[in-house]
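Throughout, residue positions are numbered sequentially from 1 according to the sequence presented. Ligands are counted one by one from 1 in listed order, and the atoms in each one are counted from 1 as well.
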Amino acid sequence: MINANKKRLRRTMMFLNAQKPGLIKDPYIYRPDSIMLDLEDAVAENQKDAARFSLYHALKEINYRGCERVVRINGLDTPYWEEDIHCAVAGGCDAIRIPKTECALDVQRVEAVVEECEKQYGIPEGHTLIMAAIESARGVMKALEICESSERMFGIALSGGDYTKDLQTHITGTGLELMGARQNMIIAARAAGVQCFDTVYTNLDDMEGFRRDVDTIHLMGFDGKSIINPRQIGIVHEIFTPTQKDIIFAEKVVKEIDEKKALGIGVFTVDGKMIDIAFYDGAKRTIDLAKASGVYKGDL
Ligand SMILES: CC(C)(COP(=O)(O)OP(=O)(O)OC[C@H]1O[C@@H](n2cnc3c(N)ncnc32)[C@H](O)[C@@H]1OP(=O)(O)O)[C@@H](O)C(=O)NCCC(=O)NCCSC(=O)C[C@@](O)(CC(=O)O)C(=O)O
Ligand SMILES: [Mg+2]
C-alpha cells in the first residue's frame, strides 16, 4: 500500500513559510528536489490559521512541477498539529514532516491522523509519507526506533538549532557540536533502510562555510540537506551529484565485477584500485544517483 516515492532523490529540501505568497507561489523555478511548506517555527503564533488557509490553497491550485511537497506541521505538544495534518492531507501533500520527534509513539500518533484524513478526503491509502525531524538529545538516542516506527517513514532529519539548544551549546559553524548526532542518525537511518538529512545552515553570507558543511555531510553518507534559501541549492546539487569521472569509474567497476565473476575471479584492479564484490553496491548506487539526478549518459 505504501508508495514508491520513499526512495526518491532528496538532495535539497527547501523550507519556506507557508503563509508567504511570495515564497509559495513558484519555488519550483529554483529546482530544489523538495520544498517544505512550514506551519511551525517560521509562522508566528497568531498566524497559524492564516498559514493553514494559504497552505491548503497552494497545494490545491499550484502545479509544483514534480517538486516534492512536504508540510512541516506544528509539534505534538501544541494545539495545532491535528488541524495542520487535516489541511495538508486534504490539499494532497506528498509528505508530513514531524518536528521535535522524540520516540516511535510520536510518529504513530501522526500516522493515525494521516490515515483517518486519507479516508476522509478521498486520498489514496498510503499516498502521504512521513519524515521525522530530530531536535533533542532524547530524539537522537531514539533514532533507530523512530526510523522503524512506520511503513510511511522515508527519512529522519537533524534540526541543529533546537538540538544544540537542548544540548546546552550552540551552532558554531565548525560542525563539532553536531558530530555525535550526525553520526548516530546516519547509522540509525542506514540500519533501518531510510534516508537521512542534515540540518539547515543559517548564515547566508558564508557560502564557503556552507560548502565545507555540505562536503562534510556528503562524506558522512547523508542523502541531502534541509536548506533555507535558493542560493544554497547549487552547492548542494554540485556536491551530491556524481561527477562524470565518478560515473565512468562506477560503470567500469560494475562491468568488470560482472565479467570477472563469470570467469571465477574475485579480486582485481580497476584504474590501479583494488576491487572486489564489496564495491558492487556502492558503484550501483553512484549510477542510480546519476540517473535520478539526470546526468547519466551510459547504458547500464
Ligand atoms: C532567510 C530568508 C528570510 C532570506 O530572505 P531574503 O529575501 O533576504 O533572501 P534572498 O536571497 O534575497 O531571496 C532571493 C529570492 O529568493 C526568494 N526566496 C528566498 N528564500 C526562499 C525560500 N526559502 N523559498 C522560496 N523562495 C525564496 C526570495 O523571495 C527572492 O525572490 P525574488 O524577490 O523574486 O527575487 C528567506 O530565505 C527565508 O524565509 N527562508 C526560509 C526560512 C524558514 O522557513 N525558516 C524555518 C525553517 S528553519 C527552522 O525552523 C530551524 C530548525 O527547525 C531547522 C530544521 O528543522 O532543520 C532547527 O531547529 O534547526
Ligand atoms: Mg527546530
Atom name in Glu135, limited to N/O/S, at shortest distance from the Mg ion (ligand 2): OE1
Go through the side-chain N and O atoms of Thr216 and Asp213 and say whether any donor and acceptor fall under 3.5 Å apart. no
Looking only at heavy atoms, is any part of Lys20 under 4.0 Å from ligand 1, and if so is it the side chain, the backbone, or both, or is it neither? neither
Counting only heavy atoms closer than 4.0 Å, does ligand 1 sit against the backbone of Asp38, its side chain, both, or neither? side chain
Please work out, at 4.0 Å between heavy atoms, whether the side chain, the backbone, both, or neither of Leu158 comes within that distance of ligand 1. backbone
Between Tyr163 and Glu177, is any pair of side-chain heavy atoms under 4.5 Å apart? no
Is there a polar contact, in the sense of an N or O pair closer than 3.5 Å, between Ile228 and ligand 1? yes
Got a protein heavy atom sitting under 4.0 Å from atom 27 (C) of ligand 1? yes
Which of the N/O/S atoms in Asp162 sits closest to the Mg ion (ligand 2)? OD2
Lys225 NZ/CZ over Phe210 ring centroid, <6.0 Å and within 45° of normal: no
Would you say the side-chain atoms of Arg69 pair up with the backbone N or O of Gly92, donor to acceptor, closer than 3.5 Å? yes
Out of all atoms in ligand 1, which are within 4.0 Å of some heavy atom of Ala42? Include the element for each. 44 (O), 46 (C)
Of all the heavy atoms in Arg72, does at least one lie under 4.0 Å from an atom in ligand 1? yes
Ligand 1-proximal atoms of Glu40, by part, heavy-atom distance under 4.0 Å: neither
For atom 18 (N) of ligand 1, tell me which residue out of Ala18, Ala157, Pro230 has the closest non-hydrogen atom. Pro230
When you measure from the centre of the six-membered ring of Phe154, is the NZ or CZ of Arg10 under 6.0 Å away and within 45° of the axis? yes
Using distance alone, decide if ligand 1 has a nitrogen or oxygen within less than 3.5 Å of any nitrogen or oxygen in Asp162. yes
Can you confirm whether something in the protein, heavy atoms only, sits under 4.0 Å from atom 24 (N) of ligand 1? yes
Using a cut-off of strictly less than 2.8 Å, determine whether Glu40 has an N/O/S atom near the Mg ion (ligand 2). no
So is Leu23 polar-close to ligand 1, meaning N/O to N/O under 3.5 Å? no
Within-cutoff protein neighbour (heavy atom, under 4.0 Å) for atom 31 (O) of ligand 1: yes
Hey, does the side chain of Asp84 reach the backbone of Arg72 with a donor-acceptor pair shorter than 3.5 angstrom? no
Could you tell me whether atom 51 (C) of ligand 1 has a protein heavy atom closer than 4.0 Å? no
Going by atom types only, do Tyr201 and Asp206 share a side-chain donor-acceptor pair under 3.5 Å? yes
Short question: side chain of Lys297, backbone of Gln244 - any donor-acceptor pair under 3.5 Å? no
State whether any protein heavy atom lies less than 4.0 Å from atom 3 (C) of ligand 1. no
Just to be sure I'm reading this right: ignoring hydrogens, which of Gly160, Ser159, Pro32, Pro27 gets closest to atom 55 (C) of ligand 1? Compare them by their nearest heavy atoms. Ser159
Side chain or backbone of Lys225 under 4.0 Å from ligand 1, or both, or neither, by non-hydrogen atoms? neither
Is ligand 1 less than 4.0 angstrom away from at least one heavy atom of Tyr163? no
Side chains of Ile156 and Ile146 in contact at under 4.5 Å (non-hydrogen atoms): yes
Side chains of Ser136 and Glu102: any donor to acceptor distance under 3.5 Å? yes
If you take the nearest heavy atom of each of Lys165, Met14, Arg231, which one is closest to atom 12 (O) of ligand 1? Arg231
What I want to check is whether the side chains of Glu45 and Tyr80 have a donor and an acceptor closer together than 3.5 Å. yes
Do Glu111 and Ser150 have side-chain atoms, one donor and one acceptor, less than 3.5 Å apart? yes
Close side-chain approach of Pro27 and Tyr64, heavy atoms under 4.5 Å: yes
Main-chain N/O of Val89 paired to Glu118 side chain as donor or acceptor, under 3.5 Å: no
Strictly less than 4.0 Å: does any protein heavy-atom distance to atom 59 (O) of ligand 1 fall in that range? yes
